[in-house]
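Order of the sequence lines fixes the chain letters, A, B, ..., with proteins taken first and strands second; residue numbering starts at 1 for each chain.
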Number of protein chains: 2
Amino acid sequence: MAPRVTQQRIAELAGVSQTTVSLVLNGKEDSARIPEATRQRVLDVINETTYVADPAARRLAGQANNLVGIFTYEHAFPSETSDFYTPLLTGIESAAEQLGVDLLMFTSAPVVDGRRKILHERSRLRLADGCLLLGREMDADELQQLSESGYPFVTVGRRDGENIRWVGLDYKSASADLASRIIEAGHRRAVYVHLSLNAESSRDRADGLIERLSSSDVAVETAQLKDVSVEQVLDLVVSAGATVLVVEDPTEAETLHAALRAKGIAVPSQLSMVVLGERSRPQDQAIDFTRLSAPRIALGAAAMALLHETLNGVDEAEEGLPEQQLLPCALIDGSTLAQATAR
Amino acid sequence: MAPRVTQQRIAELAGVSQTTVSLVLNGKEDSARIPEATRQRVLDVINETTYVADPAARRLAGQANNLVGIFTYEHAFPSETSDFYTPLLTGIESAAEQLGVDLLMFTSAPVVDGRRKILHERSRLRLADGCLLLGREMDADELQQLSESGYPFVTVGRRDGENIRWVGLDYKSASADLASRIIEAGHRRAVYVHLSLNAESSRDRADGLIERLSSSDVAVETAQLKDVSVEQVLDLVVSAGATVLVVEDPTEAETLHAALRAKGIAVPSQLSMVVLGERSRPQDQAIDFTRLSAPRIALGAAAMALLHETLNGVDEAEEGLPEQQLLPCALIDGSTLAQATAR
DNA sequence: CGCACATGCTCATGCGCATTAGCAAGGAGG
DNA sequence: CCTCCTTGCTAATGCGCATGAGCATGTGCG
């Protein structure tokens with residue numbers, strides 16, 4: 001095993017001091033006064049030896065390392081969750097590449113009961129300059145504690161709580177806009193099937209949808225597939241006399257759509273459907289739901305950018321990014337929302 | 001922001017020296033002689049303060065950090081390549097979680113001309129204890145250089161070259177077995193559409209397939225879709241009088257299958273097809289090719305395990321893992337290989 | 001000709017930890 | 001009572017780097 005090439009070694013080869021090598025590599029223009037000839041000599045030696053600075057030493061000496069931690073509350077890669085994480089990671093990776101930062105995935109925190117805990121593994125957090133938190137639901141206490149410790153982080157998704165930096169999606173507006181379309185189509189009774197309202201994103205969707213519908217006196221019954229069966233949802237639709245079924249989760253929407261077809265209920269001629277989300281991977285045979293489309297790749301990239309700015313300060317020329325920001329969602333017309341007909 | 005808690009601080013609170021704290025935390029039983037009372041006092045203080053060691057300092061002092069680097073030659077997450085990387089990363093993540101290691105993704109190395117370079121100026125490779133290298137093709141020189149530097153790494157996929165640790169897939173055997181089925185089905189002329197033979201995995205497939213076919217005097221014409229069009233491939237099939245079309249890449253296989261259908265050539269009644277790979281995400285409308293199926297999740301996990309063993313030595317009870325290992329692929333009968341008929 | 005000042009570099013130090021050498025105190029053995 | 005060994009701890013050092021202080025030269029100016 002070849003002995004490690006250090007700045008000291010470079011210095012010897014170039015006939016200068018270790019300090020000079022360090023200054024050549026990262027001396028500020030003003031404070032360091034190294035003539036071009038010396039600088040070039042050092043750089044030549046560095047190129048010959050393919051020297052790379054030891055990141056551990058840099059960090060110990062008080063440098064940022066351009067290392068951003070990624071904490072996912074569930075496994076990041078398996079296909080069950082990849083629909084959720086993959087587009088975010090895509091955006092994060094591409095932004096990270098542009099910014100020149102590496103990504104530290106905190107996989108060592110074991111997933112217990114389907115969730116990871118940050119604080120248990122706080123130790124590793126310190127290696128990264130800051131951290132991106134991903135997950136549908138997060139523990140507010142943990143977040144608060146982390147925030148108070150002064151550790152820089154940004155969450156992907158809007159979060160309740162003080163002084164937390166996040167980039168989220170404007171589900172509330174988009175859901176309200178879809179509600180408006182439902183109203184314009186003349187519907188008077190709706191059923192909304194949602195996920196757990198523990199997540200801010202789910203509350204935002206529910207709020208946007210229901211507030212708008214209620215303001216036009218459209219009646220809304222709600223249900224959660226976690227609690228009731230598909231059949232019970234269909235029964236609810238019938239008993240409520242609903243003409244439109246709004247579903248938060250696109251996968252559940254497909255399940256319900258299939259169940260409707262099996263029961264002989266045609267969409268949208270007999271029942272309209274509206275979905276408050278979208279599969280991230282377009283399927284070959286996907287149903288063209290009337291839905292909202294969330295810019296998740298952009299979301300990942302924006303979160304990365306905000307964290308980077310938090311760590312490195314605002315670019316001279318640029319304006320600072322807002323500490324909390326909602327990205328707009330697109331509405332997709334689709335073909336599952338029709339004019340309401342009396343039933 | 002609270003000042004960082006260090007061993008020094010712990011030492012003051014416990015009324016001992018920094019050395020003692022370090023010894024309590026990781027002194028070997030024999031060399032350190034700390035009475036239970038002192039040990040307990042130190043541990044109590046550590047618990048109260050939630051002290052954790054700075055990983056950068058540990059590394060600088062020559063310690064391993066349970067950090068494994070992941071280097072991908074292309075972007076890891078976008079959907080174009082995710083078919084390739086996702087199953088590997090799934091296996092890696094789950095193995096990493098079991099072993100308690102974090103994953104450092106080297107995203108800062110910019111992708112140039114579609115490829116990343118391992119050894120660039122600010123490479124943070126050394127922050128990780130060791131590294132997993134993923135990619136279809138790798139630069140042999142870079143690999144050799146890295147190997148000589150003594151940096152521990154394992155490549156996912158078989159590699160030519162001395163002293164390189166890898167875990168690969170036994171494409172050669174599996175391809176040969178598929179060739180045997182082709183022979184048993186009475187085919188005498190074949191066309192093989194493959195990817196660039198720069199990759200070891202592609203060479204293995206080509207070798208296994210062609211050696212076996214040739215040994216039974218089955219004629220094989222080869223082509224690469226990078227060089228020729230789909231139409232030219234179909235022309236080649238006709239002009240060669242082939243009764244079976246073997247395709248390395250599953251996506252290309254789908255393209256060719258569609259082209260055949262468009263031309264009115266029925267598979268497998270008029271032309272058999274055999275594929276030397278598989279989409280990692282089963283599509284809804286996927287064609288049930290006669291093919292080989294590669295255990296890619298297991299591959300990722302095995303590579304992680306080998307690297308971990310390289311870094312931490314062999315477990316007492318266990319046998320050591322081989323430094324180079326091929327995992328067997330499964331054969332899937334499918335429905336696209338039929339008995340040859342005279343044309 | 002002497003002083004101020006700029007230029008080009010080096011010395012010394014510390015980041016937080018692991019580790020080696022070794023010191024002081026106490027007990028056993030002769 | 002002196003030696004030798006053990007026990008319980010600490011001082012000192014170095015890992016590779018960044019950085020503030022500072023030391024020689026040279027150069028301009030009065």
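Below the 3.5 angstrom threshold, one finds a donor paired with an acceptor across the side chain of Thr19(A) and the base of dC11(C). Put simply, the side chain of Gln18(A) and the base of dA18(D) share a donor and an acceptor less than 3.5 Å apart.
Defined by atom type and a distance below 3.5 Å, a donor-acceptor pair is present between the side-chain atoms of Gln18(B) and Gln7(B). No donor-acceptor contact under 3.5 angstrom links the side chains of Ser201(B) and Arg158(B), judged on distance only.
Between Arg58(A) and dA18(D), a side-chain N or O to OP1/OP2 separation shorter than 4.0 Å is present. Residue Thr20(B) places none of its side-chain N or O atoms closer than 4.0 Å to OP1 or OP2 of dG8(D). Between Arg59(A) and the phosphate of dC15(C), there is no side-chain N or O to OP1/OP2 separation shorter than 4.0 Å.
Per the geometry, CD belonging to Gln63(B) stands 15 Å off P belonging to dC15(D), to the nearest Å. To the nearest angstrom, P of dT19(C) lies 12 Å from CG of Leu25(B). Distance CD (Gln8(B)) to P (dC15(C)): 10 Å, rounded to an integer number of Å. Remark: P of dA18(D) and CG of Leu60(A) are 11 Å apart, rounded to the nearest angstrom. Between the CG atom of Leu23(B) and the C1' atom of dT7(D) there is a distance of 14 Å, rounded to whole Å. When rounded to the nearest whole Å, the span between CD1 of Ile34(A) and P of dG8(C) equals 9 Å. For Ile46(A) and dG16(D), the CD1 to C1' distance is 14 Å, given to the nearest whole Å. The nearest whole Å value for the distance from the CG atom in Asp54(B) to the P atom in dC15(D) is 18 Å.
Between atom OG1 of residue Thr38(B) and atom CG of residue Leu23(B) there is a gap of 11.5 Å, rounded to the nearest 0.5 Å.
In this structure the side chain of Arg136(B) never reaches within 4.5 angstrom of the side chain of Glu74(B), judged on heavy atoms.
Backbone-only contact: Val16(A) has heavy atoms under 4.0 Å from sugar-phosphate atoms and none from a base.
Between Arg41(B) and Ala57(B), the one whose closest nucleotide on DNA chain D sits nearer the 5' end is Arg41(B).
Taking a cutoff of 4.0 Å between a charged side-chain nitrogen and a carboxylate oxygen, Asp129(B) and Arg59(B) qualify as a salt bridge.
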